[in-house]
Undergrad: 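Starting off with a structure, shown below.
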Amino acid sequence: VQLQASGGGLVQPGGSLRLSCAASGFTFDDYNIGWFRQAPGKEREWVSCISTSDGTTYYADSLKGRFTISSDNARNIVYLQMNSLKPEDTAVYYCTSDRSLRKYISGTYYFPNEFHYWGQGTKVTVSS
């Protein structure tokens, strides 16, 4: 099982980035794919997730309208398009998978080892 996150980098405030999460080693359509982020010195924050079986998307309220999650089921890739980026979006973004939607949208904290898979992060820095 592998989730490879990519697409992070340095971007100016107001700019955009698209993160990718490439999945392998499991049946993609059987799992939700979600993104978390953690900024230096701050608690982990759930960002968004998608039900790859039917395309239903979910977002943290604070990020609605700026971030868009999508999936390419033919290629087993989930994308996170991030627009109008702000310095407070600076964080390491982690791609994860799990059958349970509750682990993403309930607000309850789950440790990384409680997920089906917790991938390596990709760093996003928003700075001028």
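Reckoned from all heavy atoms, side chains included, excluding hydrogens, waters and symmetry mates. Because the structure is a prediction, the values reported are computed rather than measured.
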Undergrad: Please name the pair of heavy atoms, one in Tyr59 and one in Thr57, separated by the smallest distance, quoted to 0.1 Å.
TA: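 Looks like CE1-OG1, 3.6 Å.
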Undergrad: Just wondering, do Gln38 and Val92 contact through their side chains at under 4.5 Å, heavy atoms?
TA: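 They are not in contact (no side-chain heavy atoms under 4.5 Å apart), so the answer is no.
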Undergrad: Heavy atoms only: give me the nearest Arg75-Tyr79 pair and the separation to one decimal.
TA: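 Answer, listing the atom of Arg75 first, then Tyr79: NH1-OH, 3.4 Å.
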Undergrad: Let's go through Ser71 and Ile33 carefully: what are the C-alpha distance in whole Å and the side-chain angles of both, what is the deciding distance for side-chain contact (heavy atoms from CB on, under 4.5 Å) to 0.1 Å, and is it a yes or a no?
TA: CA-CA 9 Å; Ser71 69; Ile33 304 293; over 6 Å; no
Undergrad: Please work out which of the three classes, parallel, tilted or perpendicular, describes the rings of Phe67 and Tyr93, given edges at 30° and 60°.
TA: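 Rings of Tyr93 and Phe67: tilted, as their planes differ by 30° to 60°.
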Undergrad: Are Leu3 and Phe26 side-chain neighbours, meaning at least one heavy-atom pair lies under 4.5 Å?
TA: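 Contact flag for Leu3/Phe26 side chains = yes.
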Undergrad: Under a 4.5 Å side-chain heavy-atom rule over Ile, Leu, Val, Met, Phe, Trp and Tyr, are Phe36 and Ile77 clustered together?
TA: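 Shared cluster, no.
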Undergrad: For a salt bridge (charged side-chain N to carboxylate O under 4.0 Å, His left out) check, start with the C-alpha distance between Asp89 and Lys86, then their side-chain angles and the critical distance, and finish with the verdict.
TA: CA-CA 5 Å; Asp89 295 317; Lys86 305 174 182 180; over 6 Å; no
Undergrad: Closest heavy-atom contact between Ile105 and Cys49?
TA: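 In terms of heavy atoms, the two residues are closest at CG2-SG, 4.2 Å.
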Undergrad: More than 12 heavy atoms of other residues, nucleotides or ligands under 6.0 Å from OH of Tyr109: is that the case?
TA: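 Counting other residues, nucleotides and ligands, OH of Tyr109 exceeds 12 neighbours.
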Undergrad: Is there a donor-acceptor pair under 3.5 Å between the side chain of Lys42 and the backbone N or O of Ala91?
TA: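 Side chain of Lys42 to backbone of Ala91, a donor-acceptor pair under 3.5 Å: no, none is there.
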Undergrad: Any sub-3.5 Å donor-acceptor pair from Ser100's side-chain atoms to Arg102's backbone N or O?
TA: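 Between the backbone of Arg102 and the side chain of Ser100 there is a qualifying donor-acceptor contact (under 3.5 Å).
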Undergrad: Would you call Ser127 and Thr90 a side-chain contact if the rule is heavy atoms closer than 4.5 Å?
TA: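 Of all side-chain heavy-atom pairs linking Thr90 with Ser127, none is under 4.5 Å.
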Undergrad: If you define the side chain from C-beta out and look only at heavy atoms, does anything of Phe115 sit under 4.5 Å from Tyr94?
TA: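 Phe115 does not reach Tyr94 side chain to side chain.
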Undergrad: Which value, rounded to the nearest 0.5 Å, describes the distance between Lys103 atom NZ and Ser97 atom OG?
TA: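 If we round to the nearest 0.5 Å, Lys103:NZ and Ser97:OG are 9.5 Å apart.
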Undergrad: Can any side-chain N or O of Tyr31 pair as donor or acceptor with the backbone N or O of Thr96 at less than 3.5 Å?
TA: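 Looks like no, no N/O pair under 3.5 Å.
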Undergrad: Does any part of the side chain of Arg37, heavy atoms only, come nearer than 4.5 Å to the side chain of Leu63, both counted from C-beta?
TA: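 Counting from C-beta outward, Leu63 and Arg37 do come under 4.5 Å.
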Undergrad: Give the minimum heavy-atom separation between Pro112 and Arg44, together with the two atoms involved.
TA: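 In this case the closest contact between Pro112 and Arg44 is CD-NH1, 3.8 Å.
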Undergrad: Quick one: are Val78 and Cys95 in side-chain contact, heavy atoms under 4.5 Å?
TA: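 Side chain of Val78 against side chain of Cys95, heavy atoms only: no contact under 4.5 Å found.
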Undergrad: Check whether any side-chain heavy atom of His116 lies under 4.5 Å from a side-chain heavy atom of Val1, and answer yes or no.
TA: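 The answer is yes, as the side chains (C-beta and beyond) meet within the 4.5 Å cut-off.
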Undergrad: Taking all heavy atoms of Gly8 and all of Val124, pick out the closest pair and write down the distance.
TA: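 Answer, listing the atom of Gly8 first, then Val124: CA-CG2, 4.1 Å.
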Undergrad: Does Ile50 share a hydrophobic cluster with Leu80, counting links as ILVMFWY side-chain heavy atoms below 4.5 Å and allowing steps through other members?
TA: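 Same hydrophobic cluster.
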Undergrad: Sorted by first residue and then second, give each side chain to side chain donor-acceptor pair (under 3.5 Å) pair with at least one member in residues 9-23; sequence neighbours left out.
TA: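 The answer is Ser16-Asn83.
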Undergrad: Please confirm whether the backbone N or O of Phe28 pairs with a side-chain atom of Thr52, one donor and one acceptor, at under 3.5 Å?
TA: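 Here the side-chain-to-backbone pair exists.
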Undergrad: Would you indicate whether the side-chain heavy atoms of Asn32 and Asp98 approach each other to under 4.5 Å?
TA: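 Contact flag for Asp98/Asn32 side chains = no.
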Undergrad: Calculate, to the nearest 0.5 Å, the distance between atoms CE and OG1 belonging to Met82 and Thr68 respectively.
TA: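 Atom-to-atom, Met82:CE and Thr68:OG1 are 11.0 Å apart.
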Undergrad: Apply the test side-chain contact (heavy atoms from CB on, under 4.5 Å) to residues Leu101 and Thr56: give CA-CA distance (whole Å), side-chain angles for both, the deciding distance (0.1 Å), then the verdict.
TA: CA-CA 11 Å; Leu101 198 59; Thr56 304; over 6 Å; no
Undergrad: Does Ser48 offer a backbone N or O that forms a donor-acceptor pair with the side chain of Trp46 under 3.5 Å?
TA: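 Looks like yes, one N/O pair under 3.5 Å.
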Undergrad: Ring centroid separation for Tyr104 and Tyr58, is it under 6.0 angstrom?
TA: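 Ring centroids of Tyr104 and Tyr58 are no less than 6.0 Å from each other.
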